[in-house]
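Before any comments, here is the structure.
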Amino acid sequence: PVDPRTPPPAYRVPWQVIRDDSAHPVVVNQSSEGADFVRVFRDDLDARDSTQLWGRVRPGERIELCLCSADLDEVVVTIAWFRERDGQEYVWRFVV
């Protein structure tokens with residue numbers, strides 16, 4: 001029997017950011033499961049709360065962000081998504 005007081009195993013963030021070009025980082029879904037209703041929020045002085053809707057991102061899928069107009073020293077990118085397995089919303093932030 002499973003002890004209800006035992007927390008579930010940690011969920012590893014599925015995203016990898018490839019920063020070869022800081023103005024065009026590539027976000028990769030490294031998970032074996034898709035991410036649903038993915039939204040990306042860019043927050044910086046030039047484009048406060050700029051949002052992109054990516055929809056479903058499949059395992060292995062790569063998406064390039066265009067941050068050309070952003071102040072790369074100030075920009076924070078937030079990714080929000082729903083996990084198929086539990087239907088919960090997750091949020092993860094990164095800087096370039």
Side-chain angles (χ1 to χ4, degrees):
V2 177
D3 183 350
R5 296 172 295 175
T6 303
Y11 169 51
R12 184 180 181 137
V13 172
W15 311 110
Q16 175 193 12
V17 179
I18 301 170
R19 295 173 171 90
D20 293 340
D21 177 352
S22 58
H24 295 98
V26 175
V27 178
V28 182
N29 179 357
Q30 289 197 309
S31 174
S32 61
E33 63 183 76
D36 289 328
F37 196 64
V38 179
R39 287 122 31 240
V40 178
F41 308 93
R42 184 182 115 194
D43 190 13
D44 65 274
L45 297 177
D46 294 330
R48 291 209 179 267
D49 299 325
S50 179
T51 303
Q52 294 181 25
L53 302 176
W54 289 358
R56 179 166 174 72
V57 179
R58 292 183 168 79
E61 189 170 354
R62 304 162 61 97
I63 300 175
E64 180 179 314
L65 286 172
C66 181
L67 303 176
C68 293
S69 66
D71 178 350
L72 297 179
D73 291 328
E74 300 289 333
V75 68
V76 176
V77 177
T78 302
I79 301 176
W81 71 99
F82 287 89
R83 187 176 181 202
E84 291 177 334
R85 184 168 296 167
D86 61 14
Q88 296 292 313
E89 184 174 26
Y90 293 84
V91 177
W92 182 66
R93 301 177 84 190
F94 71 91
V95 295
V96 180

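Here the structure is a predicted model, which is why all the values come from computation and not from measurement.
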- [ ] Flag the pair Val75 / Val95 as yes when at least one side-chain heavy-atom distance between them is below 4.5 Å, and no otherwise.
- [x] no
Task: Non-hydrogen side-chain atoms of Ile79 and Val91 separated by less than 4.5 Å - done: no
- [ ] Of all the heavy-atom pairs spanning Leu65 and Val77, show the shortest one and how long it is.
- [x] CD1-CG1, 3.9 Å
Open item on the list: So, taking the atom named CD in Glu33 and the one named CZ in Arg85, what distance separates them when rounded to the nearest 0.5 Å?
Closed with: 5.0 Å
Open item on the list: Tell me whether Glu84 is salt-bridged to Arg56, with the criterion being a basic N under 4.0 Å from an acidic carboxylate O.
Closed with: yes
- [ ] Assess the side chains of Arg42 and Ser69: does a donor N or O sit below 3.5 Å from an acceptor N or O?
- [x] yes
- [ ] Sequence neighbours left out, what passes ring-ring contact (aromatic ring centres under 6.0 Å, His included) with Tyr11? Give chain and number order.
- [x] Tyr90
Task: Side-chain donor or acceptor of Asn29 paired with backbone N/O of Gly60 under 3.5 Å - done: no
Task: Closest approach of Ala80 to Phe41 (non-hydrogen atoms, all atoms of both residues) - done: CB-CE1, 4.0 Å
Open item on the list: A side-chain contact here means heavy atoms from C-beta on lying under 4.5 Å apart; do Pro14 and Arg83 qualify?
Closed with: no
Task: Contact check, side chains of Pro25 and Glu64, non-hydrogen atoms, under 4.5 Å - done: no
Open item on the list: Can you confirm whether Gln30 sits close enough to Val13 that some side-chain heavy atom of one is under 4.5 Å from a side-chain heavy atom of the other?
Closed with: no
Open item on the list: Let me confirm one number: the CZ-CG distance from Arg58 to Asp36, rounded to the nearest 0.5 Å.
Closed with: 10.0 Å
Task: Residues, nucleotides or ligands: over 12 heavy atoms within 6.0 Å of Arg62 CZ - done: no
- [ ] Hey, could you give me the SG/NE2 distance between Cys68 and His24, rounded to the nearest 0.5 Å?
- [x] 3.0 Å
Open item on the list: Can you confirm whether Val26 sits close enough to Val17 that some side-chain heavy atom of one is under 4.5 Å from a side-chain heavy atom of the other?
Closed with: no
- [ ] Check the pair Trp54, Trp81 against ring pair (Phe, Tyr, Trp, His ring centres under 6.0 Å), reporting the backbone distance first and the verdict last.
- [x] CA-CA 10 Å; Trp54 289 358; Trp81 71 99; over 10 Å; no
- [ ] Treat each ILVMFWY residue as a node, draw an edge where side-chain heavy atoms are under 4.5 Å apart, and state whether Leu67 and Val76 are in one component.
- [x] no
Task: Interatomic spacing from CG in Asp21 to SG in Cys66 - rounded to 0.5 Å - done: 9.0 Å
Task: Pairwise side-chain contact, Val57 with Ile63, heavy-atom cut-off 4.5 Å (strictly under) - done: yes
Open item on the list: In the structure I gave you, are the side-chain heavy atoms of Phe94 and Thr78 within less than 4.5 Å of one another anywhere?
Closed with: no
Open item on the list: Rounded to the nearest 0.5 Å, what separates atom OG in Ser22 from atom CG in Asp73?
Closed with: 9.0 Å
